Structures are given as C-alpha cells and as structure tokens.
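See structure below.
A quick note: this is a predicted structure, and the numbers were derived from the prediction, not measured. First the proteins, then the strands, lettered A, B, ... as listed; each starts at 1.
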2 protein chains.
Amino acid sequence: MLSLTCKTAIKAVIYLASKFESGEKSGIKEIAEFIDASEHTVGKMLQTLVKAEVINSAKGPTGGFFITGKQKNQAIIKIIDAVDGKNVFEECGLGLSKCSATHQCPIHNDYKVVRDKFKTLCQQKKVSDLCDTVNDGLAYLVG
Amino acid sequence: MLSLTCKTAIKAVIYLASKFESGEKSGIKEIAEFIDASEHTVGKMLQTLVKAEVINSAKGPTGGFFITGKQKNQAIIKIIDAVDGKNVFEECGLGLSKCSATHQCPIHNDYKVVRDKFKTLCQQKKVSDLCDTVNDGLAYLVG
DNA sequence: ATAATAAAAGCATTTAAATACTTTTATTAT
DNA sequence: ATAATAAAAGTATTTAAATGCTTTTATTAT
Ligand code: FES
Ligand code: FES
C-alpha cells in the first residue's frame, strides 16, 4: 500500500520529532544513519516533505531539518499525502482504474472496509504519538 | 499490498471459474483480452498458478486453462500465496525486516489489525463467491 | 505418421522505483 | 569579504517488476 520511500519518510519524521524538545536540527546523513536508510533517498524525500510543509529546513552551518510543535502534532497521513500522493486510499483492491460503488470489483465491499480502516489509522496517529512510543522504548524504528 | 500481477491472477481465476459450468478451456490470449491485461504477464502467471495447482492446463489443440469444482471452491488466498508468496500478510507496515510484537514498529498494534482483517477477507472469499457477483452483474473485472 | 495447436520455457526489453553522484545555492561563523 | 557548511537541485545508475519475443514441448485431430 505504502511505498518504501513513504515508510522511510514516516520514520524520518518520527526521528525529527524526537529532537524537538532539544531544538536540535538534524542533517541528512544523521537521519539516514539512524533509520538505516539510503542517504540519497532520505535527502530527496526530505525535500519533498519540506515543500509540503510537513517539516522545515535551514541551509548553511547550524542548518538542517527540524520540526515545529504544530507539525509534530500532525497526523501521519500528511506525510503519506506528500510522498505517495493523495490517491493511496482511493485505489481499487483488484487494480480497476477507479474504485467506485457503482462499477465495483468483486472484493470492493470488503476491501473498502479494510482500506478505510487503514486510512482512519493514518488520520488518527499523530507524529507525536508514534514518537512517544519510541522514546518510551515500546517501539523501534530499525531492526 | 498485492502486486499488480497478483491482482491480475485473481481476475484470471475468476474468469476461468465463470467457464466452469460449460467445461470450456480458455487460452492465454482469450483470458488476457477479457481481463484487459498483458498477454505475456498472464501467460507466465498462469504457469505459476498451474504449478501451485490453483488451476489446470492442457497442451495441444482443444487445450487451454481450466479450473475444477474443487479449485473453484478455494479461497483467493491460495492465489495470493502462489503469486506473491506466503509472506504478504506478515510484513511490517513501516518496513522493519520482521514484524513481531516483541520488537515492534510504532504502528504495529493498529497495523496488525488492518493487515489481519485483510488476510481474513482473503481466506474467506472463495473464487466461486467472487465469480457469482460477476455473473450476476453486480461486479466487474475491468473498467 | 503428420500437421496443427496451445502451453511451457527461456531470454530480452521496458518501465518505474530506488539509489547514487555531482553541482548549485543559501547561510552562518570567522 | 571569505571560507565552511549543509540543503537544494539536477542528472545518472541500479534494481526489480512488468512486459515482450522466440523457441521448445506436448497433445490432438487428421
Ligand atoms: S472497485 Fe475494487 S475496491 Fe472498490
Ligand atoms: S512491527 Fe511493524 S507492523 Fe508489526
């Protein structure tokens, strides 16, 4: 459902959120190393997130990527919309060009329920929620 | 979650199921045309399904692909297992190498629910169920 | 037996995602 | 002002999935 880059994006934003308290900015290399992802993929993806105002960046020395309190409070669907596009949760489970009740595929009714449940999850989970579980040692970003 | 080829496979098997009553066998070309997919992808994928005994084939004139009553009664997860592998429903939602409760990612608890729901759907829906909705004009394989 | 048919199999190409590299631009500390 | 730093941007390569093509093998009807 989500691209690899999108999953990486969610982990990167959680990492940035964990640096919010201290106010530290983080460089591409640091982020990529921590979440165990390709530096280049991370760099490009972070730019996308900056454009979508999901995170912020500053150039030059002492620069880097960072997140604001408001952004930390955003649901992770914002990250998904920015990286994979707004269409993720509207796609047909059997690959029809358009998911619709009036011209539905054979699994539409049941698939829609699952897909909507996933969408709701992404709408409800805030970056800060996920960050907390990591900070508390209840969840991990690598492994 | 499912590959494009896997979605194509489900549609192809539903098509074969619709030919069960008449006993007709279907050729690659005919199937590909009906479900609006690449002939070559369909050919290769059908071979995989034959090997996995999800469908059957016969060479030579009057040959083609067909399905037995028993196979028509199978759940679509058999198709998924054959084409995309048995691991589809065990994958971590954030891309960790292994999904496990003891070393979980930040969305594990909620994601697992959704993923399991989708798995249950694939275990419960039989080829014949989906075939019926198409035959009754309630659902479509293309469009 | 022979020819025709259709799947099986193997290899090649295309496409899109992911990853890698290089250059440019902005910012800050000196 | 200058040099150092780090993101931004653009281009190129790699990888895996999907698609395309060609040859082989098995089967059936004649
Ligand atoms: S039409 Fe296939 S999921 Fe809605
Ligand atoms: S660990 Fe990520 S879904 Fe289970």
Self-check item: Side-chain touch Ile28(B)/Phe65(B), heavy atoms, less than 4.5 angstrom
Solution: yes

Practice problem: Using a 4.0 Å heavy-atom cut-off across all strands, classify Thr48(A) as base, sugar-phosphate, or nothing. | Solution: nothing

Quiz item: Of all the choices, dA18(D), dA20(C), dA18(C), which nucleotide is nearest to the side chain of Leu4(B) once you look at every atom?
Solution: dA18(D)

Quiz item: Does Ser38(A) make a side-chain N or O approach to OP1 or OP2 of dA20(C) shorter than 4.0 Å?
Solution: yes

Self-check item: Nearest-nucleotide comparison on DNA chain D, the residue closer to the 5′ end among Gly64(A) and Glu39(B)
Solution: Gly64(A)

Quiz prompt | Ile79(A) side chain near Val127(A) side chain, heavy-atom distance below 4.5 Å | solution = yes

Quiz item: How is Ile28(B) classified with respect to the nucleic acid when contacts are heavy atoms under 4.0 Å: base, sugar-phosphate, or nothing?
Solution: sugar-phosphate

Practice problem: Quickly work out the Leu49(B) CG to dA9(C) P distance and round it to whole Å. | Solution: 14 Å

Self-check item: Note, Cys105(A) side chain near Leu141(B) side chain (heavy atom, < 4.5 Å)
Solution: no

Exercise. For Phe65(B) and dA7(C), give me the distance from atom CZ to atom C1', rounded to whole Å.
Key: 6 Å

Quiz item: Hey, is the main chain of Ile107(B) close enough, under 3.5 Å, to the side chain of Asp110(B) for a donor-acceptor pair?
Solution: no

Self-check item: Atom-to-atom span, CZ of Phe66(B) to C1' of dA6(C) - whole angstrom
Solution: 13 Å

Quiz item: Does Ser57(B) place a side-chain N or O at less than 4.0 Å from the phosphate oxygens OP1/OP2 of dA8(C)?
Solution: yes

Quiz item: When you check the phosphate oxygens OP1 and OP2 of dA17(D), does a side-chain N or O of Ser3(B) lie under 4.0 Å from one of them?
Solution: no

Practice problem: Starting at atom CD of Gln47(B), determine the distance to atom P of dA18(D), rounded to an integer number of angstrom. | Solution: 16 Å

Self-check item: 5' precedence on DNA chain C between Gly63(B) and Lys44(B) (nearest-nucleotide basis)
Solution: Gly63(B)

Exercise. Indicate yes or no for a side-chain donor-acceptor contact from Lys125(A) to the backbone of Ile76(A) under 3.5 Å, with no hydrogens or angles considered.
Key: no

Quiz item: How many Å lie between NE2 on His40(B) and P on dA8(C), as a whole number?
Solution: 15 Å

Quiz item: Do the ring planes of Tyr111(A) and Phe118(B) sit parallel (below 30°), tilted (30 to 60°) or perpendicular (above 60°)?
Solution: perpendicular

Quiz item: Which sits closer to the 5' end of DNA chain D, Asp84(B) or Thr62(B), going by the nucleotide each is nearest to?
Solution: Asp84(B)

Self-check item: Closest to side chain of Pro61(B), choosing from dA18(C), dG20(D), dT27(D)
Solution: dT27(D)

Quiz item: What integer distance in Å separates Asn56(B):CG from dA6(C):C1'?
Solution: 16 Å

Quiz item: Between the main-chain N or O of Leu94(A) and the side-chain N or O of Lys11(B), is there a donor-acceptor pair closer than 3.5 Å?
Solution: yes

Self-check item: Residues in side chain to side chain contact (heavy atoms under 4.5 Å, CB included) contact with Asn56(B), at least two apart in sequence or another chain
Solution: Phe66(B), Thr68(B), Gln71(B)

Self-check item: Whole angstrom value for the distance that separates C1' of dA17(D) from NZ of Lys7(B)
Solution: 13 Å

Practice problem: Please answer whether the main-chain N or O of Val142(A) pairs with a side-chain N or O of His103(B) as donor and acceptor at a distance below 3.5 Å. | Solution: yes

Self-check item: Residue-level proximity of residues 10-25 of chain A to DNA chain D when a heavy atom falls under 4.0 Å
Solution: none

Practice problem: Between dA7(C), dA4(D), dT19(D), spot the one nearest the side chain of Thr41(B), thanks. | Solution: dT19(D)

Self-check item: Bracket string, DNA chain C, 5' to 3' - pairs by Watson-Crick or G-U geometry under 3.5 Å, | interstrand
Solution: ||||||||||||||||||||||||||||||

Quiz item: Within this structure, what is the NZ-to-C1' distance between Lys59(B) and dT27(D), rounded to whole angstrom?
Solution: 9 Å

Quiz prompt | Identified salt bridge (Lys or Arg N to Asp or Glu O under 4.0 Å) counterpart of Glu90(A) within the set Lys119(A), Lys98(A), Arg115(A) | solution = Lys119(A)

